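Structure first, then comments.
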Number of protein chains: 2
Amino acid sequence: MPAPRKPRKTASDTPLPPGKSATINDIARLAGVSKKTVSRIINRSPLVREETRERVEKLMRDVGYVPDPLARGLAFRRSFLIGMVYDNPTAQFIVNMQYGALDALRDSGFELVVHPCDSRSPGYIDGVRRFVQQQKLHGVMLVPRVSEDQALADMLDGIGCRYTRIAALALDDHSRMVITHDRDGAAEAADYLQTLGHRDMAVITGPSSYRSAIERTGGFVDALARRGIELPKSRILEAGYTFESGVAAAEKLLAGKRRPTAIFCANDEMAAGVYRVALRMGIDIPRQLSVIGYDDSPLASRLWPPLSSVRRNTRDTGRVAAAMLIQADDDVRGRPIASVRPHLIVRDSCQPPET
Amino acid sequence: MPAPRKPRKTASDTPLPPGKSATINDIARLAGVSKKTVSRIINRSPLVREETRERVEKLMRDVGYVPDPLARGLAFRRSFLIGMVYDNPTAQFIVNMQYGALDALRDSGFELVVHPCDSRSPGYIDGVRRFVQQQKLHGVMLVPRVSEDQALADMLDGIGCRYTRIAALALDDHSRMVITHDRDGAAEAADYLQTLGHRDMAVITGPSSYRSAIERTGGFVDALARRGIELPKSRILEAGYTFESGVAAAEKLLAGKRRPTAIFCANDEMAAGVYRVALRMGIDIPRQLSVIGYDDSPLASRLWPPLSSVRRNTRDTGRVAAAMLIQADDDVRGRPIASVRPHLIVRDSCQPPET
DNA sequence: CTGAAAGCGCTTACAG
DNA sequence: CTGAAAGCGCTTACAG
């Protein structure tokens with residue numbers, strides 16, 4: 001039996017080039033397979049013998065090999081980037097959505113690139129198109145309110161860009177939707193106020209061009225109706241989702257001779273506006289007026305008394321929306337529609353009405 | 001004279017492939033130059049005849065040609081992505097910083113990819129390294145507080161990644177710093193309170209491991225000293241930049257037998273904590289207590305009375321930091337250090353002390 | 001199950 | 001000032 005060969009430098013055991021990281025060629029050479037086989041392993045093709053796969057995967061781990069997303073992107077004609085497109089929600093909402101998306105993208109090789117835009121400017125859809133096409137994005141998350149824009153979705157469909165839409169209700173194929181059920185969140189607020197004994201309530205809602213505003217108001221009104229309370233039109237005020245518009249709406253509502261005993265606001269910013277007006281008019285919250293917001297933003301617990309508010313679970317929403325984009329198509333079809341449920345966080349801004 | 005030839009399909013006027021976008025080869029063919037010349041024009045090389053450049057640039061505009069960042073990135077061994085690395089500042093701060101960065105990146109071909117992290121977790125520097133190396137980032141913006149971590153900057157230096165650090169004072173080469181002069185912002189608050197007539201003041205500051213906390217407190221104390229007022233150590237309380245820690249610090253400060261007449265808080269969250277305690281203790285702001293915050297967050301104007309606060313101009317800061325990363329190196333050297341100045345926004349939370 | 005060739009759309013290094 | 005060749009690190013299409 002010949003003595004075992006002393007290891008010598010051959011083509012197949014040349015150490016990795018120092019400094020620069022390993023490439024698919026290094027892995028193929030070191031493993032003694034073709035680069036195509038390595039490529040199959042990277043892309044989880046089943047057409048690789050189990051033994052080969054394990055051996056090569058171990059090697060990749062050992063040398064810390066990670067395929068270059070630039071090279072893969074060039075060959076695939078599609079990058080490993082997920083875009084997040086949004087208009088102008090509150091900062092905390094955006095940031096939570098980003099955190100959620102990154103939860104899903106962590107260790108996937110995908111990264112998140114952000115694209116705020118102004119949906120009122122005429123060229124905004126074109127701006128998104130350039131963003132998507134130039135970067136050859138793998139997919140985009142559409143956050144409310146741009147998620148509600150059918151023209152934007154149609155454009156993306158037209159250029160073959162996959163997307164997920166986050167919205168209060170289904171606006172598209174199940175495979176492209178994450179539903180936030182704003183109707184249910186508002187209904188929970190209505191049930192809570194009704195249970196406390198309120199009968200004369202009011203709603204300060206967002207712009208009627210926003211589905212979220214329609215759904216939240218509708219959910220509140222319908223839930224009251226189910227419990228036998230009709231909310232007159234005069235008790236529903238449309239505002240602009242801003243603090244200032246909340247102030248203006250609250251002034252109208254609280255100046256009338258018969259004040260409502262409770263106000264449901266379609267977001268926390270407007271609820272803060274109600275607080276401001278109540279303070280100015282000497283109306284005590286919650287003794288003389290109950291208030292509920294929507295968002296459960298940090299502001300809710302900074303206000304005094306701490307504001308009861310509907311939590312949206314934004315981070316979960318972002319995670320689900322991003323996860324759908326990087327899943328294989330087969331996994332997406334036929335599964336139930338993605339949804340995230342809101343729920344009311346009770347703090348100290350409500351109590352039974354004065355008798 | 002022969003009749004003019006009817007245009008026929010030749011190699012050089014074959015229309016662009018329908019559907020897919022033009023490549024450097026299409027431009028070279030259509031312009032009748034080599035792809036290398038087109039490449040020179042893309043990269044603004046001076047080694048191109050003026051007439052050629054103009055002709056090719058017009059063609060590129062006409063067909064809507066944009067070079068593929070994936071292909072350029074592969075050849076350059078560096079992507080056209082800017083990373084933004086941050087720990088856990090307030091949502092509005094992050095979002096403003098992102099808006100600012102995108103202001104600088106608009107129409108530059110670069111995009112912004114976000115990377116929140118936890119600087120207390122042991123592997124976080126490694127996480128940033130993987131992020132930078134795998135995506136072959138063109139550069140990263142380091143936002144406070146990670147911008148203050150020298151180990152992180154050293155790692156980036158070690159792997160040859162360009163970066164800009166946003167911090168209260170110079171921690172690095174001028175070419176890598178954007179200074180926010182927190183010291184000056186705090187000094188302005190001090191001058192304002194002194195001018196109103198306050199003599200017995202206090203500071204609620206952030207963690208002493210944060211340069212921002214040190215600078216803001218130092219700036220406030222030094223400015224008072226310049227005006228002949230010594231702030232005793234007992235009037236400086238270290239808190240955690242959070243609402244809750246602000247509440248705790250305010251309780252200590254306002255429970256004592258001799259209350260300060262004014263409190264400077266190193267951020268708005270802690271100032272909101274002071275408001276909460278003052279409300280609970282029946283101390284009227286601003287009549288019995290003046291308060292100043294730092295950040296000029298949306299919260300400042302939601303509080304009652306509206307909080308005077310030092311505005312940081314975060315969006316400008318982000319714009320400058322990102323612009324430095326995509327500038328040519330020559331433009332960076334020798335120019336004055338980048339800086340953004342804070343200034344006090346006066347609202348209704350301060351007045352002269354009661355006599 | 002595996003591989004050799006060609007190609008993705010650019011740039012670098014070299015030559016003229 | 002301009003260009004032909006080779007290469008960046010992968011994948012696709014084809015063949016076996």
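Here the structure is a predicted model, which is why all the values come from computation and not from measurement. Letters A, B, ... mirror the listed sequences (proteins, then strands); counts begin at 1.
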Checklist entry - Near DNA chain C, which residues from residues 34-44 of chain A have a heavy atom under 4.0 Å away? => result S34(A), K36(A), T37(A), R40(A)

Checklist outcome for this item: The answer to which of K136(B) and P46(B) contacts DNA chain D further toward the 5' end, by nearest nucleotide, is P46(B)

Listed partners of [X] passing side-chain contact (heavy atoms from CB on, under 4.5 Å), at least two apart:
X	result
D87(B)	D118(B), S119(B), V146(B)
Q134(A)	R130(A), V66(B)
R319(B)	D103(B), A104(B), D316(B)

Checklist outcome for this item: For R55(A), the side-chain hydrogen bond (donor to acceptor under 3.5 Å, both in side chains) test, sequence neighbours excluded, returns E51(A)

Next on the checklist: For D154(A), give me all partners under side-chain hydrogen bond (donor to acceptor under 3.5 Å, both in side chains), at least two apart in sequence or on another chain.
Outcome noted: Q150(A)

Checklist entry - With respect to I82(A), which candidate in T164(A), I326(A), L102(A) satisfies the side chain to side chain contact (heavy atoms under 4.5 Å, CB included) definition? => result I326(A)

Checklist outcome for this item: Span of DNA chain C engaged by chain A, first through last nucleotide within the 4.0 Å heavy-atom cut-off, is dC1(C) to dG9(C)

Whether [X] side chain and [Y] backbone form a donor-acceptor pair below 3.5 Å:
X	Y	result
R53(B)	R40(B)	no
R44(A)	I42(A)	no
S339(B)	I179(B)	no
D68(A)	L70(A)	yes

Checklist outcome for this item: Intra- and inter-strand pairing of DNA chain D, written as dot-bracket with Watson-Crick and G-U pairs under 3.5 Å and | for the latter, reads |||.||||||||.|||

Item to check | Qualifying side-chain hydrogen bond (donor to acceptor under 3.5 Å, both in side chains) pairs, either residue in residues 139-148 of chain A, two or more places apart | outcome: none

Next on the checklist: The criterion is salt bridge (Lys or Arg N to Asp or Glu O under 4.0 Å); which residues satisfy it with D157(A), sequence neighbours excluded?
Outcome noted: R176(A)

Please output the side-chain donor-acceptor pairs of residues 108-117 of chain B that fall under 3.5 Å, not counting sequence neighbours, one pair per line with the distance.
residue : atom : partner : partner atom : Å
S108(B) : OG   : L105(B) : O            : 2.5
S108(B) : OG   : F110(B) : N            : 3.1

Item to check | Residue-level proximity of residues 73-83 of chain B to DNA chain D when a heavy atom falls under 4.0 Å | outcome: L74(B), A75(B), R77(B)

Item to check | Most 5' of V48(A) and V66(B) on DNA chain C, judged by nearest nucleotide | outcome: V48(A)

